Chemist: 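Before I ask anything, here is the structure I am working with.
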Protein chains: 2
Amino acid sequence: MTETPSRRAQIVDSAAQLFAQKGVGATTVREIADSVGVLSGSLYHHFESKDAIVDEVLGGYLDALRGRYASALARGTSATECLRELVLTSLQVAEEQPYATAIYQNELHYLREQPRFKDVQAAAANVQKTWMGVIESGVASGEFRGDIEPRVFYRLIRDALWLSARWHKPSTDYPTETLAEDVTSVFLNGFIAQSKPTRVRANSRGGRAQRPAKKA
Amino acid sequence: MTETPSRRAQIVDSAAQLFAQKGVGATTVREIADSVGVLSGSLYHHFESKDAIVDEVLGGYLDALRGRYASALARGTSATECLRELVLTSLQVAEEQPYATAIYQNELHYLREQPRFKDVQAAAANVQKTWMGVIESGVASGEFRGDIEPRVFYRLIRDALWLSARWHKPSTDYPTETLAEDVTSVFLNGFIAQSKPTRVRANSRGGRAQRPAKKA
DNA sequence: GTCTATACATCGATAGAC
DNA sequence: GTCTATCGATGTATAGAC
């Protein structure tokens, strides 16, 4: 029972890719049908509408994400560790399901207005609740700063994290785990150079200006 | 020079709002015409196509952004200060032109595929060049970490910064300047609490940005 | 400069033959 | 389960009267 590449699954996969690349509204049912090798009318034997396909794409994605988040939180003991796990998990899920991830972050604000997608909205609210719980517990324990609104920090890391799916293509040079470390390190420790003089790069006589050149 | 609120300008403004709220592809020329109080056919006396309106909206926005960035860089002496100025300037521009900002960050990846918008693409590349220049000069001078790819840091702060236009509504409680301070502080200093109340430890890094007391 | 009217393409969705 | 064929709505854009 390993493989049943059902037509239904083919449709969902192809539609997800098209939705991610062109946007849901700009993707036509004829394009979806073409990409799986059938005619547009045949789609309606498997789905009752185009929106139903969107529902299935995002529903499956968010269910998987919620499950993975639960596992991630179980691995962490401190808020810092939990945050680290959430970052890595998010990037792993984004790597496994890049199309659904792109749809989720590109069009959630659009789907939010349509009552049809209230299941998606509920799942998205659950995701936010998971993050906010970790962040607020970290503030309460003193691990995280208290002078930054938890909600502000959440939104900053959320947007930076999810939108990385737009530009990050996993490779051996820069694998997902390394990106996760970098994201965690920047958001927790900052981009200011640490006092430890471990940098190897010598810049005593660099050809690079200290300031960017100003143009007229 | 007092600009007359020409019909052309009305069309651009109304279209920008609609494009931001519903997406470019989902906005119809009839809706644009309705919002300015004319019929759809009349739009074509002012613009040759819907895409031409998009061009004008984003072209004017990116021109303004480029000018403001030049002023921002002139105010900074170090890479850290320049970065701080870029953050504040970006948020100010986002506050002044929220609709164009939303379009810019929501649909740049879509416009990128169409050769029609190559001017917009060039302006966007210029924006990126500005940021990268500041970041790389900071790495070269030792102000910023050398173990994070400048391009990675740029993309993280870029996405977090621009997408704040989706959720940040300037208010007296949380004005744009405070958000700019928070963004800068998180990305430069990190979210980890700087002093640990349970342990006394020599910490030479006392110089992180301090949040001024909130004004009434 | 705006209107009326419409051409022409394409959209999501449906009905029924096979 | 897929096809053919098409409906009705809606999209951008145009032509010409006023």
Side-chain angles (χ1 to χ4, degrees), chain A residues 1 3-59 99 103 106-107 110-111 113-118 120, chain B residues 2-59 103 106-107 110-111 113-117 120:
Chain A
M1 58 176 287
E3 48 187 312
T4 306
S6 66
R7 186 115 286 182
R8 185 183 178 90
Q10 287 179 22
I11 293 169
V12 171
D13 288 348
S14 286
Q17 182 168 357
L18 289 167
F19 289 156
Q21 287 169 350
K22 313 184 33 171
V24 172
T27 301
T28 71
V29 294
R30 286 176 175 84
E31 287 172 325
I32 300 172
D34 282 353
S35 68
V36 300
V38 297
L39 291 189
S40 65
S42 304
L43 288 185
Y44 291 85
H45 175 75
H46 304 276
F47 294 93
E48 70 170 357
S49 71
K50 176 182 166 182
D51 282 348
I53 305 179
V54 177
D55 244 334
E56 184 131 330
V57 169
L58 287 181
Y99 302 131
I103 300 166
N106 280 332
E107 318 219 24
Y110 157 71
L111 304 175
E113 295 164 357
Q114 293 179 269
R116 195 200 191 296
F117 301 106
K118 67 173 202 171
V120 171
Chain B
T2 12
E3 294 278 337
T4 330
S6 65
R7 185 116 284 180
R8 185 184 178 89
Q10 287 180 22
I11 294 170
V12 171
D13 288 348
S14 286
Q17 181 168 359
L18 289 167
F19 290 157
Q21 287 170 349
K22 314 184 33 171
V24 173
T27 301
T28 71
V29 293
R30 280 185 245 269
E31 287 172 325
I32 300 172
D34 282 352
S35 69
V36 300
V38 298
L39 291 189
S40 65
S42 305
L43 288 186
Y44 291 85
H45 175 76
H46 304 276
F47 294 94
E48 70 170 357
S49 72
K50 176 181 165 182
D51 282 349
I53 305 178
V54 177
D55 243 334
E56 185 131 329
V57 169
L58 288 181
I103 300 166
N106 280 332
E107 319 219 25
Y110 156 72
L111 305 174
E113 295 163 356
Q114 293 179 267
R116 194 199 192 297
F117 300 104
V120 171

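Given the structure is predicted, the values throughout are model-derived calculations rather than measurements. In what follows, chains carry the letters A, B, and so on, assigned in the order in which the sequence lines appear, proteins first and then strands, with residues in each chain numbered from 1.
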Chemist: In chain order, what residues pass the side-chain contact (heavy atoms from CB on, under 4.5 Å) check against A/Ala52, with sequence neighbours excluded?
Modeler: A/Phe47, A/Glu48, A/Ser49, A/Arg116
Chemist: Nearest to the side chain of A/Leu39 - D/dG1, D/dT4, C/dT4?
Modeler: D/dT4
Chemist: Decide yes or no for A/Asp13 and A/Tyr99: does some side-chain heavy atom of the first lie under 4.5 Å from some side-chain heavy atom of the second?
Modeler: no
Chemist: Take atom CD of B/Glu31 and atom P of D/dA9, then tell me their distance rounded to the nearest Å.
Modeler: 18 Å
Chemist: Residues in salt bridge (Lys or Arg N to Asp or Glu O under 4.0 Å) with B/Arg30, at least two apart?
Modeler: none
Chemist: Could you state the CD1-P distance from B/Ile11 to C/dG1, rounded to the nearest angstrom?
Modeler: 10 Å
Chemist: Can you check the B/Asp34 CG to D/dT10 P distance for me, whole Å?
Modeler: 13 Å
Chemist: For nucleotides 12-18 of chain D, give me one character per nucleotide, 5' to 3': B if any protein heavy atom sits under 4.0 Å from the base, S if the only such contacts are to the sugar-phosphate, - if neither.
Modeler: BBB----
Chemist: Could you pull out all residues at least two apart from A/Glu107 that satisfy side chain to side chain donor-acceptor pair (under 3.5 Å)?
Modeler: none
Chemist: Output the rounded distance in Å from CG (A/Leu43) to P (C/dA13).
Modeler: 10 Å
Chemist: Under 4.0 Å: is that the gap between some side-chain N or O of B/His45 and OP1 or OP2 of C/dG1?
Modeler: yes
Chemist: What pairs with A/Lys22 under side chain to side chain donor-acceptor pair (under 3.5 Å), at least two apart in sequence or on another chain?
Modeler: A/Glu31
Chemist: How would you list, by chain and number, every residue that makes a side-chain contact (heavy atoms from CB on, under 4.5 Å) with B/Val38, sequence neighbours excluded?
Modeler: B/Arg7, B/Ala33, B/Val36, B/Ser42, B/Leu43
Chemist: Take atom CD1 of B/Ile32 and atom C1' of C/dT2, then tell me their distance rounded to the nearest Å.
Modeler: 17 Å
